[in-house]
Every structure is written in structure tokens, then in C-alpha cells.
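So you know, we letter chains A, B, ... as the sequences are listed, proteins then strands, and number each from 1.
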Amino acid sequence: MQNNLTDFQWSVLTAIQKIPFGETRSYQWVAGKIGKPKAARAVGQALNKNPYAPTIPCHRVVCADGSLGGYAGGSRLKKFLLNMEKESLNHFCKK
DNA sequence: TGTCCGCGGGTGT
DNA sequence: ACACCCGCGGACA
């Protein structure tokens, strides 16, 4: 309940924060980055609670095979956000 | 393609 | 301290 997250949580949050705009990473990618390649579920668990919801682009985190997986706000929204990011990025590039 | 098991950690009891 | 939960992943049927 504390704002004080554990080392594990911080690792996940910071790792996801580093995901560039319009990019997507898998839970396993994040898990491996924090030194726990098998902790993909734990990563998802942390994101689900997402103590820093607007701070963490959890929608950029997808399944290892590229599926959206799940999303606290709804997979539909997640897909929409990712698509919007890509479109925005492409728009800037094309512009 | 669908289902089951296993790994890792969180939160609640 | 124990049990159940979770946004996965990979293996097996």
C-alpha cells in the first residue's frame, strides 16, 4: 500500500519507462531486462496494479509473440493507443 | 489451435 | 507464514 515500491517494482517501472514512443516490448523482454527472464507474470502483475498508471506506458508492453496480452483499461484501448502512437510517429516522419 | 503446467512476485488472510 | 491471484510463456495434445 505504500508508495514505496520494492526493488522489483521499480525495475519494471523504470524499464517500461525507457520504452521509446511507438515501440512495444514484451513482458519477457522487461523481465529479462530486470534480471528475471521468468518473471514475466510478475511484471504483468506489477503493471496491473500500476501505481504510476499515467507515468508508465503499460500499453506498450505486449506478449512475447506480439499479442496485446491484457490491459487494465481494456485490450481494445491498448491496441488503440499503440496504433495511435504508431500513426502519430509515422505522421511526424512522413511530414 | 486449444489446453495445461511452470516460473516469479504481489497482495490478502 | 500460507494461499490465491495475475496483463505470460512455452510445451504438449
Engineer: Have a look at A:Y27 and say if it touches a base, only the backbone sugar-phosphate, or nothing, with a 4.0 Å heavy-atom cut-off.
Structural biologist: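 Contact class for A:Y27: base.
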Engineer: To the side chain of A:A40, which of C:dG7, C:dC6, C:dC8 is closest?
Structural biologist: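 Comparing C:dG7, C:dC6, C:dC8 against the side chain of A:A40, the answer is C:dC8.
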Engineer: Nearest whole angstrom, please: distance from the P of B:dG9 to the CG of A:N48.
Structural biologist: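 Nearest whole value for this atom pair: 17 Å.
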Engineer: What is the separation between atom CG on A:L82 and atom C1' on C:dG7, rounded to the nearest whole Å?
Structural biologist: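 Roughly 13 Å, once rounded to whole Å.
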Engineer: Quick check against the 3.5 Å criterion: does A:K78 have a side-chain atom that pairs as donor or acceptor with the backbone of A:G70?
Structural biologist: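 Yes, the answer is positive, given that a donor and an acceptor are paired below the 3.5 Å cut-off.
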Engineer: Can you classify the ring geometry of A:W10 versus A:Y52 as parallel (below 30°), tilted (30 to 60°) or perpendicular (above 60°)?
Structural biologist: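 If you compare the ring of A:W10 with that of A:Y52, the planes turn out tilted.
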Engineer: Need one value for A:V61: base, sugar-phosphate or nothing, where a base atom within 4.0 Å counts as base even if backbone is also close, heavy atoms only.
Structural biologist: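 Base, at least one base heavy atom under 4.0 Å.
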Engineer: Whole angstroms only, please: what is the CG-C1' distance between A:L47 and B:dG9?
Structural biologist: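 About 13 Å, once rounded to whole Å.
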Engineer: Which one is paired to C:dG7, where only Watson-Crick or G-U wobble pairs with both distances under 3.5 angstrom count?
Structural biologist: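 Looking at the geometry, C:dG7 pairs with no nucleotide.
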Engineer: Tell me if a side-chain donor or acceptor on A:S88 pairs with a main-chain N or O of A:M84 at a distance below 3.5 Å.
Structural biologist: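 A pair under 3.5 Å: yes.
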Engineer: Which nucleotide wins on minimum distance to the side chain of A:A42, given the candidates C:dG9, C:dG7, B:dG9?
Structural biologist: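 Comparing C:dG9, C:dG7, B:dG9 against the side chain of A:A42, the answer is B:dG9.
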Engineer: Any chance you could measure A:T24, atom OG1, to A:K86, atom NZ, to the nearest 0.5 Å?
Structural biologist: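 Those atoms lie 5.5 Å apart.
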Engineer: Using a 4.0 Å heavy-atom cut-off, does A:K49 contact any base of the nucleic acid, only the sugar-phosphate backbone, or nothing at all?
Structural biologist: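 Sugar-phosphate: the residue A:K49, judged by heavy atoms under 4.0 Å, touches backbone atoms but no base.
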Engineer: Using a 4.0 Å heavy-atom cut-off, does A:T6 contact any base of the nucleic acid, only the sugar-phosphate backbone, or nothing at all?
Structural biologist: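 Sugar-phosphate contact only.
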Engineer: Round to a whole Å and report the spacing from CG of A:L68 to P of C:dC6.
Structural biologist: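 Checked: the CG to P distance equals 20 Å.
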Engineer: Can you measure A:K36 atom NZ to B:dG9 atom C1' for me and round it to whole angstrom units?
Structural biologist: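 Between C1' of B:dG9 and NZ of A:K36: 9 Å.
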Engineer: Grab the CG-P distance between A:L13 and B:dG9 for me, whole Å please.
Structural biologist: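 One finds 15 Å between P of B:dG9 and CG of A:L13, rounded.
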Engineer: Does C:dC8 have its OP1 or OP2 closer than 4.0 Å to a side-chain nitrogen or oxygen of A:S26?
Structural biologist: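 Indeed not, no polar side-chain atom of A:S26 lies that close.
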Engineer: Would you kindly give the CD1-to-P distance between A:I34 and C:dC8, to the nearest whole Å?
Structural biologist: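 Rounded to the whole Å, the gap is 15 Å.
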Engineer: Check whether any side-chain N or O of A:R60 sits under 3.5 Å from a backbone N or O of A:I16 as a donor-acceptor pair, and report yes or no.
Structural biologist: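 No, because the side chain of A:R60 does not come within donor-acceptor range (under 3.5 Å) of the backbone of A:I16.
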Engineer: Could you tell me how far apart A:N50 (CG) and B:dT11 (C1') are, to the nearest whole angstrom?
Structural biologist: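 Roughly 16 Å, once rounded to whole Å.
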Engineer: If each of A:Q28 and A:G44 is mapped to the nucleotide of DNA chain C with the nearest heavy atom, which maps nearer the 5' terminus, i.e. the 5' end?
Structural biologist: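 Nearest-nucleotide comparison on DNA chain C picks A:G44.
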